[in-house]
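Computed from a predicted structure; not experimentally measured.
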Protein chains: 2
Amino acid sequence: MSREIRRTMPLLSMSIVMQLTELSARQIRYYEEHHLIEPHRTEGNRRMFSLNDVDTLLEVKDYLEQGMNMAKIKKLFAKKLDPVATEEPDLSDTELRRIMREEMRQAQRMQKSSIRRGDLSRFY
Amino acid sequence: MSREIRRTMPLLSMSIVMQLTELSARQIRYYEEHHLIEPHRTEGNRRMFSLNDVDTLLEVKDYLEQGMNMAKIKKLFAKKLDPVATEEPDLSDTELRRIMREEMRQAQRMQKSSIRRGDLSRFY
DNA sequence: TAAAGATGTAAGGTTTCCTAACATCGTTTT
DNA sequence: AAAACGATGTTAGGAAACCTTACATCTTTA
């Protein structure tokens, strides 16, 4: 079983993801609506989340707590997945540098709170 | 978050544990009845399994497929947890050697089938 | 052949999750 | 300032997943 499969395996139900991320069901569904995650569905249409999804949700949460909005977060994520194709002509250089700064600050805060990316990564 | 906590964290619902182990709900509950696992319960009384639990279930499955019965499996597990306190006077030496042999064979088969202890251990 | 062991199945009830809609409340935009 | 927007809360009605209990079945053991 490859690491990739392990990370993307839909193992987790809504309730535990809520606990792990300290997000409400409403929030999680809203982020899905914006395609930040795309959880698997059971035959009965229930969401099943992967460890990757939890990771992403924790990132989204962090960004939102920094005052970033969905639109920017989406762009940030697009950039991650394909940094070339996303040469945003509508993002000024100063804007970009601001985002980078925020990412840095975010990376620092990673040391502190209860459940964080660093910990979860040890699951897979 | 320690490795121990990660392994014992109740993350998994009945349905995924069924998939991961290829056991029926009936079987899983039966093994719990015999105290081979003791899954956590949610407020609403639903079972939540840890990765340790899945590990144990896969072991139980293996032993049963080898023709061992619950009673012997229980003893085997007791021995694991406390090898001293379980000096079984009612287990003959030949019996013991047979069990050991089975454990060895079981350990070999670990290389083969679809989802196995070796793989799962990489989750935590 | 009866008892015991392991599992299947069915019934009835509860919990968890689903979508859809509307409410709220702070922040932009006009 | 009023309207629009963005993010989240809340509620309602319904469906899926899970629970326990009890009985059925089939195999192995006594």
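Using modelled atom types, no side-chain atom of A:Lys61 and backbone atom of A:Leu23 make a donor-acceptor pair closer than 3.5 Å.
Remark: C1' of C:dC17 and CE of B:Met14 are 18 Å apart, rounded to the nearest angstrom. Look at CG on B:Asn69: it is 10 Å from C1' on C:dA6, rounded to the nearest Å. In this structure, B:Gln27 atom CD and C:dT7 atom C1' are separated by 7 Å, rounded to whole Å. In this structure, NZ of B:Lys61 is placed 11 Å from P of C:dT7, rounded to the nearest angstrom. The CE atom of B:Met48 sits 11 Å away from the C1' atom of C:dT16 (whole-angstrom rounding). Summarising the geometry, the separation between CD1 on B:Ile28 and P on C:dA6 is reported as 16 Å, rounded to the nearest angstrom.
Between A:Ile28 and A:Phe49 there is a side-chain heavy-atom pair separated by less than 4.5 Å.
For DNA chain D, the span of nucleotides reached by chain A at under 4.0 Å from its heavy atoms goes, 5' to 3', from D:dG6 to D:dA17.
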- [ ] Using the side chain to side chain contact (heavy atoms under 4.5 Å, CB included) rule, take B:Arg7 and B:Leu51 through it: C-alpha gap first, then chi angles, then the decisive distance, then the call.
- [x] CA-CA 5 Å; B:Arg7 285 182 54 99; B:Leu51 294 163; 5.5 Å; no

- [ ] Could you walk me through whether A:Tyr63 and A:Lys72 pass the side chain to side chain contact (heavy atoms under 4.5 Å, CB included) test, one step at a time?
- [x] CA-CA 9 Å; A:Tyr63 287 140; A:Lys72 288 217 177 99; over 6 Å; no

- [ ] Could you walk me through whether B:Met70 and B:Val60 pass the side chain to side chain contact (heavy atoms under 4.5 Å, CB included) test, one step at a time?
- [x] CA-CA 8 Å; B:Met70 289 280 108; B:Val60 172; 4.2 Å; yes

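With the nearest nucleotide of DNA chain D identified for both A:Met70 and B:Phe49, A:Met70 has the one nearer the 5' end. Between A:Glu43 and A:Leu64, the residue whose closest nucleotide on DNA chain D is further toward the 5' end is A:Leu64. Residues B:Tyr31 and B:Gly44 each lie close to DNA chain C; by heavy-atom proximity, the contact nearer the 5' end of the strand is made by B:Tyr31.
Between the side chain of B:Arg46 and the base of C:dT16, no donor-acceptor pair of N or O atoms lies under 3.5 Å.
Within the structure, a side-chain polar atom (N or O) of B:Tyr30 is placed less than 4.0 Å from OP1 or OP2 of C:dA6. Between B:Thr42 and the phosphate of C:dT15, there is no side-chain N or O to OP1/OP2 separation shorter than 4.0 Å.
Remark: the A:Asp53 side chain and the A:Ser50 side chain contain an N/O donor-acceptor pair separated by less than 3.5 Å.
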TODO: Spell out protein contact along nucleotides 19-30 of chain C as letters: B when the base is contacted, S when just the sugar-phosphate is, - when no protein heavy atom is under 4.0 Å; keep the 5' to 3' order.
DONE: B-----------

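Between A:Thr21 and A:Leu58 the shortest heavy-atom distance is CA-CD2, 3.9 Å.
The distance from the CG atom of A:Leu11 to the CG atom of B:Leu20 is 6.0 Å, given to the nearest 0.5 Å.
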